[in-house]
Amino acid sequence: MGFVHDGRRRIRPLTISEFRSLMRVSKGIEEADVYFCGGTVCNVYSGEWINANVAVKGRHIAYVGMSDQMVGENTRVIDVHDQYIVPGYMEPHAHPFQLYNPYTFAQFALLHGTTFLVNDNLTLYLTMPIERMEEFFHEAGQWPVKMTWWARFDPQTSSPESESLFDPVRIRRLLGNPYVLQGGELTAWPQILAGTNDELELNLWEAGNMGKRVEGHMPGASIETLSAMTAAGVTACHEAMTGEEALRRLRLGLWTSLRYSSLRPDLPVLIRDLLLSQADFHRMMMTTDGATPAFLERGLTDEMVRVAIESGLEPMRAYQMVTVQPAMYYGIDGEVGGIAPGRIADLLLLSAPTIPTPEQVWADGKLAASQGELQIDWKEPDWAYYGQSGLLLDWLTVSEDFYLQEDEKVYVIDLENPAITRIREGITADDLTGILITRDGKHAVRSAVRGFARRLDGMASSFTASGDFMALGRNPAAMQQALNRVLQIGGGIVLIENGEVLFELALPLAGKMSKRPLTELTVENKKLERLLSERGYPHYDLIYTLLFFTSTHLPEVRFTPRGILHVKSGEILVPAKVRRVSL
Ligand SMILES: Nc1ncnc2[nH]cnc12
């Protein structure tokens, strides 16, 4: 049976007896389950650190104050005299698919004190039926880290098959799902500016009328562009790279997330700029925006809070920006984001306000993690049930796939930085061959690639935004061996040199996600980066380079299943070719 929702908007609705019990505990006429005694509470509502006890009943906070009337024989009293109690952190803009998966990412988040995630749905949406995805939302909504979602309005790649999924009927349905807090992020905003996408307009119009938030994606946008997108219903944007860009957004009433991601670790600069300009931080949040495992070595939201404090932000404001402010933005501050009666008991015990990594994490009123170790059973999703049991492919590569062919027009895709490409003509001896083979094995797209890793023999990856396969290298046989291995293991990233496997990471979930814990992926990610940088990769975020080769929201040219796409003009410069041999 699919998931049917009953119209309740709370992520932890109370039964009537739980509701009555909570009230009785708050009045001191029923015993609390847990009582945190003698701590210093971070009151994100008033901006004060106050001495208070916190009583918990079931999954909720029942009382905050000096009374101990609710302490009874069966109450577990936790002495926190030398500790600080802060609300569980919220990450308002997560992409839980960067080698890690939603489950392993949530586990990592929990250990670092993040108890609420607002997640990108794109990878799930492109790989499972909508009914199944909604079932997954419901299952993940019960996790100790509360999982909520965005509904994307566009596929961020160019393929007729995926574009057809974003029709207004399906999007309206998703926007009505209680686990979906917003629409976006709106990577196809140029189509709104140009007035060329009616369906997208309808989706924005509907989201506005349903009172939904819409996340923008407007890097480098002028005030005019930002105005037009605000009029189109965008309510927040996380793309500001300078204090001035953040202010531009705030002035238009847009909530502004300051970013600390592997691709754009701008947080320290933003904080310093904004402090200098005496900006008001009330409508700002912080996000790690899909940081890759290598970047997450020191933490998630906890690390952002630390960086923000080190950059001069007052600790209370840093905590507010990762708790009550995102909760207010999403309209859920009655349930999460602070320590007050009726809120979910997601509480962190810190040793000091300047050390945001928690000693203990309490989630739903239970001890969930202590000193970085999980304290609860947490069932992994049955991935096979959700259609994620490894890519099963019925085609093979042939050697001619990996040669630039004489009858093809060949451009050079030149990486300017980890994400931005430029189009050039005239191949040099240092250029690699890059090839995309579509998921169904029917089409191939070839190009020369510059600025990647000129001493790379062969590499292949199913970690692509479009869900297709890519191979890169200077040695066609090594590229073929790498791609064959990726196909054999049902998805992953493989490097071949001198006929040997130099690196292999299986990504059995949608070809993008491993089942291994995030900390192990940090090690693999760093190893892969080292191997590539030894072979000439000059940039700093390899995983994003691989993902974004097929992402059509970035300048200037991209591999797509249709061919090499010039993003701004929408022109296919080199059409995909039908592969002569596909089994
Ligand atoms: N637009 C995007 N799509 C996928 N992952 C991302 N990480 C950051 N931005 C992203």
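Every number for a ligand or one of its atoms is a count from 1 in the order of the listing.
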Next item on the list: Mark yes or no for whether Asn121, through its side chain, and Arg152, through its backbone, hold a donor-acceptor pair below 3.5 Å.
Entry: yes
Next item on the list: Before accepting this row, confirm whether a basic side-chain N of the pair Arg251/Glu244 lies closer than 4.0 Å to the acidic partner's carboxylate O.
Entry: yes
Notebook entry, point to check: Got a second to check how far Tyr260's OH is from Leu270's CG, nearest 0.5 Å?
Noted result: 12.0 Å
Margin query: Can you give me the closest heavy-atom contact between Ala106 and Met147, atom names plus distance?
Written below: CB-SD, 4.0 Å
Less than 3.5 Å apart, N/O on ligand 1 and N/O on the protein: could you list those pairs with the distances?
unit_1   : atom_1 : unit_2 : atom_2 : d
ligand 1 : 1 (N)  : Gln156 : OE1    : 2.9
ligand 1 : 3 (N)  : Arg152 : NH2    : 3.4
ligand 1 : 3 (N)  : Gln156 : OE1    : 3.3
ligand 1 : 3 (N)  : Gln156 : NE2    : 3.0
ligand 1 : 5 (N)  : His95  : ND1    : 3.3
ligand 1 : 5 (N)  : Gln98  : NE2    : 3.2
ligand 1 : 7 (N)  : His95  : NE2    : 3.4
ligand 1 : 7 (N)  : Tyr544 : OH     : 2.5
ligand 1 : 9 (N)  : His95  : NE2    : 3.4

Check: Is it true that the side chains of Thr148 and Tyr330 contain a donor and an acceptor less than 3.5 Å apart?
Finding: no
Margin query: Does the structure place the NZ or CZ of Arg132 under 6.0 Å from the centre of the six-membered ring of Tyr385, at an angle of no more than 45° from the ring's axis?
Written below: yes
